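Working notes, structure below.
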Amino acid sequence: KILWTDSTESLDLTLNDRHAFLLSRESWTKKTLIRRFDLETGKIVLFENAGRTSDITLPVDVKEVPDASSIAYASGKLFAFIPGKNLFRVDPNSGRIEATLTVPGLLAVTDRDDTLWGLFEDGAVAKLDEEGKKTATAFTVKNLENAVRLAISEDGQRFAISSKGTNQIFICDPTGNPVQTIGKAYSAVDGKRPAGKFIETNLISPHGIDFDAQG
C-alpha cells in the first residue's frame, strides 16, 4: 500500500525510526543533495541549521554522479557514497558534512541494525566504521562483474548484490554461500536485452534490489 511518494531524480533511500533520507541528483537545480521526509506523512522535514534548509548539497557535480550512488544510516549518522568520488559522513539533524572520506575499492554502502556495510571491487562484503574503514569482512564473492549495489534482509540472513556486468542479482547467506540467482547471465548491447521470448526475471542493467519486511 503506497502511503506517499517522491518524484525527484532519486538515486537511493535510507531510513531511521523517524525519517526517510533521500539521495538525489537533480538536473534542474544542478545539485547533488540529501533531503529528509517524515516517515509517516512524506512531508519534507527541514534540517536544523541556521538556514532551516530543505536539502543539503553535496560538493559533487551532478554530471559526475553515477546512477549507482548509495546512502546509508548507521551509528546515528548518514553516509552518502558517490562512486568514483567520496563517502560523505553527514549529521542527519543539522545536515552538516562532518567528513569527506576516501575509501579505496568501495562500490556501495548500505545499513542493517545500525551498522554500516560496504561492497568492494574485489567482491568483499564488510562492516565499516565511521571513517569508512573495514572492521570485519563477512565474505568475498568471486568473479563479480560491475557490481553496483548491496542490500541486506531485515533478519540479516540474506545479502543481495546487483551485478550490471551479467545483468543478475546474486543472493548469499551471511557466510557468502549462494542462495538464489535472479536473472540469466547475458551481455546487453547498448543497454538492450537480446532478441527472443520475454522472460520476466531477466534483468537489464540492474541498479539495485532490496528486501521488504517479509524478506
Side-chain angles (χ1 to χ4, degrees), residues 1-2 10-17 20-23 39 66-75 78-81 83 87 103-129 132-189 191-194 196-215:
K1 295 181 179 179
I2 297 174
S10 311
L11 295 171
D12 197 23
L13 180 79
T14 190
L15 312 172
N16 64 13
D17 291 339
F21 297 92
L22 183 74
L23 177 62
L39 204 54
D67 294 339
S69 300
S70 50
I71 189 170
Y73 180 90
S75 303
L78 286 172
F79 296 86
F81 177 61
L87 175 66
V103 185
L106 186 63
L107 296 177
V109 293
T110 192
D111 56 79
R112 178 55 60 205
D113 297 329
D114 207 33
T115 299
L116 181 65
W117 288 81
L119 172 67
F120 288 82
E121 289 176 348
D122 63 357
V125 173
K127 293 181 180 180
L128 308 178
D129 65 15
K133 296 179 180 178
K134 295 179 185 177
T135 60
T137 298
F139 57 86
T140 299
V141 179
K142 296 181 179 179
N143 302 317
L144 283 177
E145 293 184 34
N146 195 12
V148 289
R149 285 281 177 83
L150 173 69
I152 306 173
S153 63
E154 191 168 295
D155 61 5
Q157 295 304 298
R158 288 188 293 168
F159 292 70
I161 298 172
S162 302
S163 171
K164 285 181 64 180
T166 60
N167 293 284
Q168 293 174 291
I169 306 294
F170 300 108
I171 300 177
C172 308
D173 69 13
T175 63
N177 291 318
V179 173
Q180 182 183 3
T181 300
I182 302 173
K184 180 181 178 181
Y186 68 91
S187 297
V189 179
K192 298 178 181 179
R193 71 168 74 242
K197 181 181 178 181
F198 173 74
I199 300 173
E200 188 177 45
T201 54
N202 280 355
L203 309 173
I204 299 177
S205 194
H207 278 96
I209 195 169
D210 211 339
F211 298 91
D212 64 14
Q214 286 73 48

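Residues: numbered from 1 along the sequence shown. Quantities reported herein were computed from a predicted structural model and do not represent experimental measurements.
Here the CG atom belonging to D17 is positioned 8.5 Å from the CG atom belonging to L39, to the nearest 0.5 angstrom. One finds the OG1 atom of T110 at 6.0 Å from the CG atom of D210 (value rounded to the nearest 0.5 Å). Annotation: the span from L203 atom CG to I182 atom CD1 amounts to 7.0 Å, rounded to 0.5 Å. In this structure, the separation between CG on L11 and OG on S70 is 9.5 Å, given to the nearest 0.5 Å. Atom CD of E121 is separated from atom CG of L144 by 11.5 Å, given to the nearest 0.5 angstrom.
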One pair to check against side-chain contact (heavy atoms from CB on, under 4.5 Å): W117 and I152. What are the steps and the verdict? CA-CA 9 Å; W117 288 81; I152 306 173; 3.5 Å; yes
Just do the side-chain contact (heavy atoms from CB on, under 4.5 Å) check on D173 and R158 with the steps written out, would you? CA-CA 5 Å; D173 69 13; R158 288 188 293 168; 5.9 Å; no
side-chain contact (heavy atoms from CB on, under 4.5 Å) between T14 and D111, intermediate numbers included: CA-CA 8 Å; T14 190; D111 56 79; 2.7 Å; yes
Decide side-chain contact (heavy atoms from CB on, under 4.5 Å) for L87 and V109; before the verdict, give the C-alpha distance in whole Å, the side-chain angles of both, and the deciding distance to 0.1 Å. CA-CA 9 Å; L87 175 66; V109 293; 4.1 Å; yes
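If you check the side chains of N177 and T175, you find a donor sitting under 3.5 Å from an acceptor. Side-chain contact check for T140 and D122: no donor-acceptor pair (N or O, by modelled atom type) lies under 3.5 Å.
Counting heavy atoms from C-beta outward, F21 and L13 have side chains that stay 4.5 Å or more apart. Using a 4.5 Å heavy-atom threshold, the side chains of D114 and Y73 count as touching. Contact check for R149 versus D12: side-chain heavy atoms found under the 4.5 Å cut-off. Inter-residue side-chain proximity for L150 and V125 is flagged as met; some heavy-atom pair is nearer than 4.5 Å. By the 4.5 Å heavy-atom criterion applied to side chains, K164 and H207 are counted as neighbours. Contact annotation: the side chain of F139 approaches that of C172 to within less than 4.5 Å [non-hydrogen atoms, C-beta and beyond]. Looking at heavy atoms from C-beta onward, D129 lies out of side-chain contact with L116 at the 4.5 angstrom threshold. By the 4.5 Å heavy-atom criterion applied to side chains, L106 and F81 are counted as neighbours.
In this structure, the side chain of S163 engages the main chain of E145 through a donor-acceptor pair within 3.5 Å. Here the side chain of D113 pairs no donor or acceptor atom with the backbone of T115 at under 3.5 angstrom. Proximity of a side-chain donor or acceptor of N202 to a complementary backbone N or O of K184 within less than 3.5 Å is detected. Between the side chain of R112 and the backbone N or O of G156 there is no donor-acceptor pair closer than 3.5 Å.
Taking every heavy atom of both residues into account, G208 and S162 meet most closely at CA-OG, 3.3 Å. Closest approach of Y186 to N167, counting heavy atoms only: O-ND2, 2.9 Å. When all heavy atoms are compared, the tightest approach of A126 to F120 is CB-CE1, 4.3 Å. Smallest separation of non-hydrogen atoms from P83 and S69: CD-OG, 3.4 Å. The minimum heavy-atom distance between I161 and A147, with the atom names listed, is CG2-CB, 4.0 Å. The two residues G165 and N146 have their closest heavy-atom pair at N-CB, 3.6 Å.
Environment of NZ in K134: crowded, with over 12 heavy atoms of neighbouring residues, nucleotides or ligands closer than 6.0 Å.
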